[in-house]
2 protein chains.
Amino acid sequence: MAHGGKHPPMKGIRQLAEHLDISIGTVSRALNGKPDVNEETRKRVLAAAEQLGYVANQSGRSLRQGTTNVIGLMIQSSKETVENSDNFFLTVTGGLQSVFARHNLDLIMLPCPNDEDPYEYLKRMVARRIVDALIISETQRIDKRFDLLAKAKIPFAALGRSLSIGQHPWADLDFDGVVNCAVDRLVALGHRRIAISAPSSDINLGFIFVEGYRRALERHGIDFEPALVIRAKSSEQGGYQVADELLRLEERPTAVILIYELMAIGLYRRLMEAGIIPGRDIAVVGFREAPRAKFLQPPLTCFRTSVHDLGVELAEILLSSMPAYSHIYPKTKRQMIWPLQLVPGESDSFHLKVE
Amino acid sequence: MAHGGKHPPMKGIRQLAEHLDISIGTVSRALNGKPDVNEETRKRVLAAAEQLGYVANQSGRSLRQGTTNVIGLMIQSSKETVENSDNFFLTVTGGLQSVFARHNLDLIMLPCPNDEDPYEYLKRMVARRIVDALIISETQRIDKRFDLLAKAKIPFAALGRSLSIGQHPWADLDFDGVVNCAVDRLVALGHRRIAISAPSSDINLGFIFVEGYRRALERHGIDFEPALVIRAKSSEQGGYQVADELLRLEERPTAVILIYELMAIGLYRRLMEAGIIPGRDIAVVGFREAPRAKFLQPPLTCFRTSVHDLGVELAEILLSSMPAYSHIYPKTKRQMIWPLQLVPGESDSFHLKVE
DNA sequence: CATAGGATCGTAAACGTTTACGGAATGCGT
DNA sequence: ACGCATTCCGTAAACGTTTACGATCCTATG
C-alpha cells in the first residue's frame, strides 16, 4: 500500500519525468518494458510511478499507438435475454478475463439498448474505436454484424454460430450433441413420440436445435412430426406454454426436450395442474444445467458444462486472430464446438414403460 | 442506408475537411453544433460525414477535451453474484441507458474479475480515465471505493447503501419497507415466531435487512430471537440450507421471510422432503418478484418493483452530480429509496391458524 | 465614406503518450 | 591513439481532435 497522498496531483508522464529528473521518453520506455533503458533507472521509474500513483492516460496512449487494450463484449439487454439467461454472460466473462488479464487487456461489456438496432449500435462502437477487438453474442441466423466487422477490419469472434459467419472465428455450445444425446437416451428408454421446444428459427439456435432433433429421429427411424416442435420463449412462461401445447395434442407425446432449463419450472407447474407427474407420466430432459435444476422435484435430467472454460476458449480464439497476439495463440482452432455432459436426474426415468 | 462503400477509407476529420474543401476547424464546429458556422455549410458537413461514415475518433476527442462521454457501471462477477442475481444488472442497465442516451452518453459495464480486488480494479479503471463517471454496485458495509472515487474527483453514484457513503449520491431498494411489510402481514395472519434469512452482515444488505426485521418485531412486541436469523447464500442452495436450519430448531417457526426469491426453490424442496407444505404448514414470503415466483407451487408471496425505473432514477441522480449536466437535473434528490409493492401469492395464506 | 460589428471561417496550439532517430558516453580491440 | 560497437538517454514528431484567437468579408449605421 505505497501509493501517494501527500504528493502533488499527478498530471501525466511529464510530471513524473520532472520528478525523476529523467527525460519523458526514457520514462515511457521504462514503464513499457522497452529495451533501451538501464535496468536501474527502470527500477527507479517503476518505483516512483507506483508511489505517485501514476497510470498512463488511456486516451493519449490510444491516440498515439492506435490501440486501446480494451476488448468489448457486446450483449443485448432485450427482454428475452433478461428473462432467459441466468447470468450466462457474466460467467463467460470470467473465463474471458482470465485469459485477457495475462496480456493487460481489459474487458468491457457493451450492452446494446433494447430500443436501438444492434447493427447501428455496433457500428457506432466500432467507429468510436473504443475497443481493439470485439466479441459478439446472441448471433442471428442472418447477422449483418459480421459484414460490418469484417469491413471495419476489426478483430472479432462470435459467441454463437450464424449462417453469415463464413470463416470467421467463433465458439458455441454443442447443441447438436445435446439434442442427439437426449434423443438417444429417450429412445433407449422406449420413447417414440418425443416433443421438443425451441425458440424461433430466426435465432440460429432455434434452427440448429430442431435440425439436430430431426436428424436424430431419422437415425432411429422415427418420423419427424412438425406438430411436436413447439416454439416458445426460453423462460418459465415459455415452459408453461409448452406444457399447454402438449396437453392440447390429440396424441400426447411421452417425452419432451426443453431447450432451456428454466422452462422446466413453468412446465412442471402446468403439468402438475393437469395431474401429470413429470418423471412418471412424461419424461423431461432439459438443456444446460443450472443450480436450480437439482432442486426441482423431480430433479431435472440436463446437460452440464463449464461456461467459464468456454469463455477461456473463446478468448484464445479471439486472440489468435489478433495480429499482436497471433504468435502466442497459434491459429489452430478458429472455430470450436463446446461439449456438454449428461447429468441424469429423475425427470426422465419413469417406471411406466411406453406401450 | 447512405453510408459509404466506394469511397476512400475515412482516416479522420482531416480527410473529411479536404473532401469538402473546408478547414478542419469548421468541420469540427459543424459536427459538434457549435455556433460559429453557417447553417448551410453545416448541412453539407453533416451530409458528407453521414455519407462517408465518419465518426470522430474517441481517443483524439477525449485527449483534447478530457472527457469520454462514457459512463461505467462496475459490477462483480463473483460466484455469489452469478448464482444469485437474475439479470438484475441488465435490467438496471436498461433504465440507465434510457436516460444516458438522451445526452449521447454510452454506458459500458466494467466487470471486476473475481480474482482481483474490487478496490484495485476500480483504481485502475479510474486512473486510465476510460469513463467520465461511475456507478458502483454491490456496496460493502465498509467500502473503501467511496474514498477512492471522492479523492479522484470523479462523479459517481452507488447502487446500494453503505456506511462509508456519507453525502454521496445513491439509490437502493427499500429493504426496510419490505421487511416491515412482510412482518406486519405475517403478524396479522397470527404469526409470532417468524424466521428470516439474510446474507452475511458484512454485506450492507445483510445488516439492513435484519435491523429492519428486529425493529418490526419490536413494534409488535415480539422478542428478537437470534436463532431465527439464518445466514445463507442467496441461491437455491441457500434456500435449501435455510429450510434445513428451520427443521433443526426445537420449536419450529411458523413463518419465514426469504431475502431472495430464488431461495424459495431450494426451500420448497427441502420442506417437501420433510413433508411440510409451504402455504399450509408454514408461511413463506419472498423478496423481489421474479418471473418464476408465480410458477412455484404454491405461488410465492413476494414484492414487486420496476428495476428498470430504478435505473432511470439512478441515472438522473448521477447526472445531477456531474457539472456538465447538473443544470438539467437539479440536485433535489441525491439519495433515494426505491419502493416495492406486495404481490400476494398463496405461500403465506394457509388455513391453519397459529394456536 | 468610414467604420463598427456581426457572421463565418482558417490557423495553430494543445491534450498525453509512444517511438524513430540521433547523440553521448563507454568499452574493447587494434 | 584510434575506430567501432554497444548501451543508454534526450529530442521531437506524430496520433486526431477541439478551441482560442485572429482574419476576412459583409452589412448597417453614423
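In what follows, chains carry the letters A, B, and so on, assigned in the order in which the sequence lines appear, proteins first and then strands, with residues in each chain numbered from 1. Computation of the quantities below employed the complete heavy-atom set of this structure, encompassing side-chain atoms and omitting hydrogens, waters and symmetry-equivalent molecules. Note that this is a predicted model, so its numbers are computed, not measured.
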Query raised in the report: Are OP1 or OP2 of D:dT17 and a side-chain N or O of B:Y54 less than 4.0 angstrom apart?
Result: yes
Query raised in the report: More than 12 foreign heavy atoms under 6.0 Å from CD1 of B:I328: is that the case here?
Result: yes
Query raised in the report: Which heavy-atom pair separates B:P330 from B:S320 by the least distance, and what is that distance?
Result: O-CB, 3.8 Å
Query raised in the report: Do the side-chain N or O atoms of B:N32 get closer than 4.0 angstrom to the phosphate oxygens (OP1, OP2) of D:dT18?
Result: yes
Query raised in the report: Where along nucleotides 5-13 of chain D does protein come under 4.0 Å, by heavy atom, of base (B) or sugar-phosphate alone (S), with - for untouched nucleotides?
Result: ---BBBB-B
Report summary line: A:R128 atom CZ is separated from D:dT17 atom C1', nearest whole Å, by 14 Å
Report task. Kindly write out the residues that satisfy side-chain contact (heavy atoms from CB on, under 4.5 Å) with A:R61, not counting sequence neighbours, or none if the list is empty. Result -> A:A56, A:Q58, A:Q65, A:N69
Query raised in the report: Hey, is B:K43 close enough to B:E40 for a salt bridge, meaning N to O under 4.0 Å?
Result: no
Report summary line: Here the distance between atom P of D:dG16 and atom CZ of A:R129, to the nearest Å, is 10 Å
Query raised in the report: Would you say B:K34 reaches D:dT18's phosphate, i.e. side-chain N/O to OP1/OP2 under 4.0 Å?
Result: no
Query - Donor-acceptor pair, side chain of B:D132 and main chain of B:I71, under 3.5 angstrom - result: no
Query - A:F89 and A:E138, any side-chain heavy atoms less than 4.5 Å apart - result: yes
Report task. Output yes when at least one side-chain N/O atom of A:Q65 is less than 4.0 Å from OP1 or OP2 of D:dC15, else no. Result -> no
Query - Rounded distance in Å - CD1 (B:I13) to P (C:dT11) - result: 14 Å
Query raised in the report: Does a nitrogen or oxygen in the side chain of A:S28 sit under 4.0 Å from OP1 or OP2 of C:dT18?
Result: yes
Report task. State, to the nearest 10°, the angle formed by the axis through the first five base pairs of the helix from C:dC1-D:dG30 to C:dT30-D:dA1 and the axis through its last five. Result -> 60°
Requested in this report: Can you figure out which of D:dT18, D:dG16, C:dT18 approaches the side chain of A:L63 most closely?
Outcome: D:dG16
Report summary line: In whole angstroms, the gap separating C1' of D:dC15 from CZ of B:R14 amounts to 10 Å
Query raised in the report: Going by an N to O cut-off under 4.0 Å, is there a salt bridge joining A:R29 and A:D36?
Result: no
Query raised in the report: In whole angstroms, how far is the P atom of C:dT17 from the CD atom of B:Q58?
Result: 17 Å
Requested in this report: For residues B:Q97 and A:C112, report the shortest heavy-atom separation together with the two atoms involved.
Outcome: OE1-C, 4.2 Å
Query raised in the report: Hey, does the side chain of A:R61 come within less than 4.0 Å of C:dG16's phosphate (OP1/OP2), counting only N and O?
Result: no
Requested in this report: Compare all side-chain heavy atoms of A:M74 with those of A:I135 and state whether any distance is below 4.5 angstrom.
Outcome: no
